[in-house]
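In the text below, chain A, chain B and the rest are named by the order of the sequence lines, each starting its count at 1.
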There are 2 protein chains.
Amino acid sequence: MQTASDNPCLRIACSSCNLRELCLPVDLQGSALHRLDALTSIKRPFRRGEYLYRSGEPFRALYAIRTGFFKTQVLHENGREQVTGFQMPGEIIGLDAISSDAHSCDAVALEDSEICEIPFDQLEELSRELPTLQRYLHKIMSREIVRDHGIMMLLGSMRAEERLAAFLLNLSQRFSARGYSPSSFHLRMTRQEIGSYLGLKLETVSRTLSHFQDHGLLNVRLREVEIMDMLRLRSFVGTTA
Amino acid sequence: MQTASDNPCLRIACSSCNLRELCLPVDLQGSALHRLDALTSIKRPFRRGEYLYRSGEPFRALYAIRTGFFKTQVLHENGREQVTGFQMPGEIIGLDAISSDAHSCDAVALEDSEICEIPFDQLEELSRELPTLQRYLHKIMSREIVRDHGIMMLLGSMRAEERLAAFLLNLSQRFSARGYSPSSFHLRMTRQEIGSYLGLKLETVSRTLSHFQDHGLLNVRLREVEIMDMLRLRSFVGTTA
DNA sequence: AAATGCGTTTGATATAGGTCAAAAACCATG
DNA sequence: CATGGTTTTTGACCTATATCAAACGCATTT
C-alpha cells in the first residue's frame, strides 16, 4: 500500500482548493484540514474517454473531481448499459465500491479532467479521529442515496419531457453552484448518454429538445444549451399528471 | 435526547438476535457486540399501514427490521408516489435521512412488524471506536447505493416482463437468505405498489403475472406466488435485447 | 479539398404499455 | 352473513415512445 507522500503524483492542498465548499473538506478547519491534505493526492490527468476505474477493479480510494466531467455507468452482460450519473468538479465518486471492495461501475472522463485520490483506508482512519469528517462522509453517502431515489422517481413515473426538463434544471443548478451560468452551458455528453441516463432513446432526447426549442423554452445547437424560460421549464417537471 | 437505557421500550440483545448474520452486528464479537446492544432498543410494534417515519421528520436513528415487512416511498408534490424499496427482516432503513438530518421518504409497515431503533449519534460514536463496525456501516450504505443503481438499470432499460422477473427473483433470493422457501412466498404488497416500484401500472403487473402463469413459469393466486421454473425465469432477465 | 466517420436531426411506422371500464374475488365490519 | 370497500383480473382501445431509415453537420485525417 502506498501512502500519499510516496505517491509520485503531485501533492495538493485541500486547504487551498477552490472546491472546498463543494468537496469533502467542508467544515474542516486548521489542522484537521491539513491532515486531510496529507492523504489526498492528484492523479495524472485523464484524457477524454479514459477510464478512471472499471467495474470489477479492486477498491482502494474515493475520487474527487477537480476539473472536468465524468460519467458513471453500469454494464449488464447482454451489452445493455445504464449511465448512473454525470459528475462535475467537487463531486465524489467511487462510493459504490465500498460494499464489495470492488468497483461496481465504470467511471469515464467525458472531457480532459483532473481528479484527487483519497485512499479509503486512510480516510476511514482519519474520520475515526475527526467526528466532523466522519459525519460529512456519511452525509455524502446518504446524499448519493437520496439522489438515486430522485432518479428512480424520474425513471419510474415521469414522461420524456419531464425527465429532460428535470435533467437540464439539475445541470443548471449544479453549474450555478460552481459559479457558471445557470442558463447557458455546454453538454459534455452525447444524446445517447443522456438517453441512457434518462431511460430514453437518443432520438427521443433529440426530438424532445427540438420540441422545447420550438416552444421557446430554450435554444439548443448540438451540445450548446441556452435556457430561455427557466420558470416554464421548471413548471414542466411534475406539473403534468 | 433519550438513551437506550432510558427508553421505555424493551431492550434487546443484538448478541442473541437471530438476524445477526443479516443485520449490523456481522463480524462484531464479544464486548463490541454488547456495546451495540447497549444502544439498540425495540420500539413498540407497528401495525399494518402504520408509518415508522414520514418524509420531513427529524432524523434521529436508523432502524433495523426485526420482523415484518416495510415499504419506503418518495412522494412528489403533485401526488405522484414512487416506492423506492421493500424491506424485510435484517435490513436497515433510514440511511437517506443522514444527508439532511430529516427523513426524505416515508417508511410504512406492510404487515405487523417489529423494529430495532439505533440512535445514529451513538452509532457514529461507537463506530469511531470500533473500526469493524465503522467499515460495516459504510458497507451498508454503499450496498444501498449499488442496489439503487440496479433499480436504475431496471427502470431505465428493461421491459415489463424483465422487470417483474427481476423483482420476483430478488424477493426469492432474499426470502431464501432468511431460511424461507425461495420458490413459494407471500407478497406483502399490492399490484399497485409493485407497479410503482417497477415503473409500471398495476394492470401491467397483473397482466404480466398472468402471462408468466400461462407460460408455466409460476403460479400466482392473489398474493401467493409459487415459482415453477426458476431457471427460465432467470433467463428472462437480460436475455431479451 | 476530399474523404471518412461519428453525432444529430427528422420522418414514417410499429408496438409496449397506458388508460378506461367493468366484472369478479376477496376482506373487514357491523 | 350481508354489506361495502378494496384489490385483482381481463378486455378494448389509445398514445407515448421505440424502431427503422435517411440525410445532414461537424470534426478529423489524408
For B/K71, salt bridge (Lys or Arg N to Asp or Glu O under 4.0 Å) partners two or more places apart: B/E193

Partners meeting salt bridge (Lys or Arg N to Asp or Glu O under 4.0 Å) with A/R143 (sequence neighbours left out): none

Residue list, ring-ring contact (aromatic ring centres under 6.0 Å, His included) with B/F120, at least two apart or on another chain: A/H138, B/F59

Sequence neighbours excluded - salt bridge (charged side-chain N to carboxylate O under 4.0 Å, His left out) pairs with any residue from residues 97-110 of chain A: A/D101-B/R135, A/D101-B/K139

Heavy-atom protein contacts under 4.0 Å, nucleotides 3-9 of chain C, coded B base, S sugar-phosphate only, - none: ----SSB

Between B/F86 and B/F70, ring centroids under 6.0 Å: no

Pairing residues for A/Q82 by the side-chain hydrogen bond (donor to acceptor under 3.5 Å, both in side chains) criterion, not counting sequence neighbours: none

A/L22: partners by side chain to side chain contact (heavy atoms under 4.5 Å, CB included), with sequence neighbours left out: A/L19, A/R178

Output a table of nitrogen or oxygen pairs between the protein and nucleotides 13-17 of chain C separated by less than 3.5 Å.
residue: C/dG17; atom: OP1; partner: B/A160; partner atom: N; Å: 2.7

Interatomic distance, A/E224 CD vs D/dA27 P [rounded to whole Å]: 11 Å

Residues that B/H186 engages under ring-ring contact (aromatic ring centres under 6.0 Å, His included), provided they are two or more places apart: none

